[in-house]
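What follows is one structure encoded as structure tokens, with my remarks underneath.
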Number of protein chains: 2
Amino acid sequence: MTNRVNGVKESILEAAREAFSSKSYGDVSMEDIAKIANVKKPLIYYYFPSKSELFKAAWDEAFHKLEDKVFGVSENDGKYVKKAKSLLRSYIDFLRNERQSLRLIEREKNRFYSEKGSSWEHIKKEYDGFVNRVADVLSSEVDSNSSEYARAVADIVGSSALLPDGQMSPDTVELIIIKSLAK
Amino acid sequence: MTNRVNGVKESILEAAREAFSSKSYGDVSMEDIAKIANVKKPLIYYYFPSKSELFKAAWDEAFHKLEDKVFGVSENDGKYVKKAKSLLRSYIDFLRNERQSLRLIEREKNRFYSEKGSSWEHIKKEYDGFVNRVADVLSSEVDSNSSEYARAVADIVGSSALLPDGQMSPDTVELIIIKSLAK
DNA sequence: TCTGACTTTGACCTGTAAGTCAAAAAAATG
DNA sequence: CATTTTTTTGACTTACAGGTCAAAGTCAGA
């Protein structure tokens, strides 16, 4: 149902995020999104120029939420170990509360490595930047190749978002990560 | 190019696996597959009744390769710890050599939880069976909830297959898993 | 070489999804 | 109110993908 607090554009974005997180790009039609947002299809084109731009907007939003959550908490203070653990906790927290967004990110993050066209460069750079920031935090306390390690850790948590609901609890993920870091 | 050692049907399957592992179901067209297999589109329908059946066949093949690899090695003998480690090593080995197949499995395994129709039941059961067998091997030496843990471990390794090539080495994955199991 | 089974394809049909557009409805402005 | 601007939609075009089919090519055996 069209939200009253948010504007119409926001409702559409929200609908897009919902749709793209449960099916992949090619399986989602503009009709689908319109139906979820309780809006007619041409209205989407009033706010967004094309399907791919709408997709990018939805992705961007989900991604920035993740980024805010992760770095909002962990970048303040403290020893490295503490930092790393709090970063991972933020990630796990995000998994708990924003499963939909994380699913979208995980499912589609490979798209911009295969998709060509310079308009994807921006989004790709952002994602790489995120990984690097995670790397910076983790590298100081982990022996192995840091950026690869960071990507792996991000992936470990993220991958659980791809599972059907209720098949792996966030607690299990947490356990595994903490074990990984505990030495 | 159409393979001479394999028959035409095999070439098509191979092409399908390649296509479906780099893009997701809705983004792959029968034309794409035909082009990769160096064959005209209607020929695909001579060997496979529909796109979804072709997809299932490709998935099945990739999945059985994984299953063979993993259980072929680890089910022979030995102590639990040894068993579990060899199982994971098989998995990692598979990741090393059959990145394409694993990518297909990881990217699309959620499909049959959302897709309806009884013809998906079979493939779903097989996947669940696989997870359970992994659980059986791992549960004997791990404290936490075993089946969830098994799924998580399978996922940890599998998820790396979703990364673009060369961004996380199998060694990194191995390191993480061994660390997880080492206690 | 003729015949019949198998394999391959060009041409076509059909449905559906992306995207357009002119006009209607609603809101804002004077 | 009247008019202008913004928002919304029904009806349409266009392109392309899944799927069909009849006919053409290939090849083995009688």
Side-chain angles (χ1 to χ4, degrees), chain A residues 1-59 104 107-108 111-112 114-117 119-120, chain B residues 1-59 104 107-108 111-112 114-117 119-120:
Chain A
M1 207 177 3
T2 308
N3 198 327
R4 251 64 187 290
V5 175
N6 303 321
V8 179
K9 194 176 179 183
E10 282 68 33
S11 307
I12 292 170
L13 252 183
E14 205 176 303
R17 196 188 57 222
E18 188 184 326
F20 286 130
S21 73
S22 65
K23 295 195 225 165
S24 62
Y25 187 80
D27 293 326
V28 171
S29 75
M30 296 298 261
E31 271 298 333
D32 292 340
I33 296 169
K35 214 163 272 173
I36 294 171
N38 235 268
V39 137
K40 305 297 175 188
K41 190 179 59 161
L43 192 58
I44 301 180
Y45 287 93
Y46 181 75
Y47 291 102
F48 299 92
S50 67
K51 184 184 178 184
S52 71
E53 287 305 316
L54 174 57
F55 171 79
K56 278 184 252 181
W59 202 93
L104 170 58
R107 182 194 283 276
E108 301 290 349
R111 176 169 303 278
F112 42 77
S114 55
E115 213 85 23
K116 46 204 148 212
S119 76
W120 292 90
Chain B
M1 200 170 18
T2 309
N3 199 329
R4 252 65 187 289
V5 176
N6 304 320
V8 178
K9 192 176 181 183
E10 282 69 33
S11 306
I12 292 171
L13 252 183
E14 205 176 303
R17 197 188 57 220
E18 189 185 324
F20 286 130
S21 72
S22 65
K23 298 194 224 163
S24 63
Y25 186 80
D27 293 327
V28 171
S29 74
M30 294 300 260
E31 271 299 332
D32 292 340
I33 296 169
K35 215 164 271 172
I36 295 172
N38 235 268
V39 138
K40 305 297 174 189
K41 193 178 57 164
L43 192 58
I44 300 179
Y45 287 93
Y46 180 74
Y47 291 102
F48 299 93
S50 67
K51 185 182 178 184
S52 72
E53 287 304 317
L54 173 57
F55 170 80
K56 278 185 249 177
W59 203 94
L104 169 58
R107 182 194 282 278
E108 301 291 350
R111 177 169 301 279
F112 42 77
S114 54
E115 213 84 24
K116 44 204 147 212
S119 76
W120 293 90

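Proteins get letters first, then strands, A, B, ... in listed order; numbering begins at 1 in each. Only heavy atoms go into these numbers, but all of them, side chains included; no hydrogens, no water, no symmetry mates.
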Problem - Atom pair CE (B:Met30) and NZ (B:Lys35), whose distance is rounded to the nearest 0.5 Å - result: 14.0 Å

Give each protein N/O atom lying under 3.5 Å from an N/O atom of nucleotides 4-9 of chain C, with the pair distance.
unit_1	atom_1	unit_2	atom_2	d
C:dT7	OP2	B:Tyr46	OH	2.6
C:dT8	OP2	B:Tyr47	OH	2.8
C:dT9	OP2	B:Lys40	N	3.4

Handout entry: Residues A:Arg17, A:Glu14: salt bridge by 4.0 Å N-O rule
Key = no

Handout entry: Face-on cation placement of B:Lys56 at B:Phe48 ring, 6.0 Å and 45° thresholds
Key = no

Handout entry: Reported NZ-to-CD distance for the pair A:Lys23 and A:Glu18, which is rounded to 0.5 angstrom
Key = 11.0 Å

Practice task
Please find the earliest and latest nucleotides of DNA chain D, in the 5' to 3' direction, that have an atom within less than 4.0 Å of any heavy atom of chain B.
Solution key: D:dA17 to D:dC21

Practice task
Without swapping roles, check the side chain of B:Ser24 against the backbone of B:Asp27 for a donor-acceptor pair under 3.5 Å.
Solution key: no

Exercise for the section: Nearest whole angstrom, please: distance from the P of C:dA18 to the NZ of A:Lys51. Expected result: 5 Å

Exercise for the section: Mind listing the closest non-hydrogen atom pair of B:Ser11 and B:Ala37 along with its distance? Expected result: O-CB, 4.0 Å

Fill in the blank from the handout: Here the residues of residues 23-30 of chain B within 4.0 Å heavy-atom distance, strictly under, of DNA chain D are B:Val28, B:Ser29, B:Met30

Handout entry: Aromatic plane relationship, B:Phe20 with B:Tyr25 - under 30° parallel, 30 to 60° tilted, over 60° perpendicular
Key = parallel

Practice task
Assess B:Lys9 against B:Tyr46: is NZ or CZ under 6.0 Å from the centre of the six-membered ring, and within 45 degrees of the ring's axis?
Solution key: no

Handout entry: Approximate separation, where rounding is to 0.5 Å, of B:Ile44 CD1 and B:Leu54 CG
Key = 6.5 Å

Exercise for the section: Would you name the heavy atoms of B:Ala34 and B:Lys40 that are closest together and state the gap between them? Expected result: CB-C, 4.1 Å

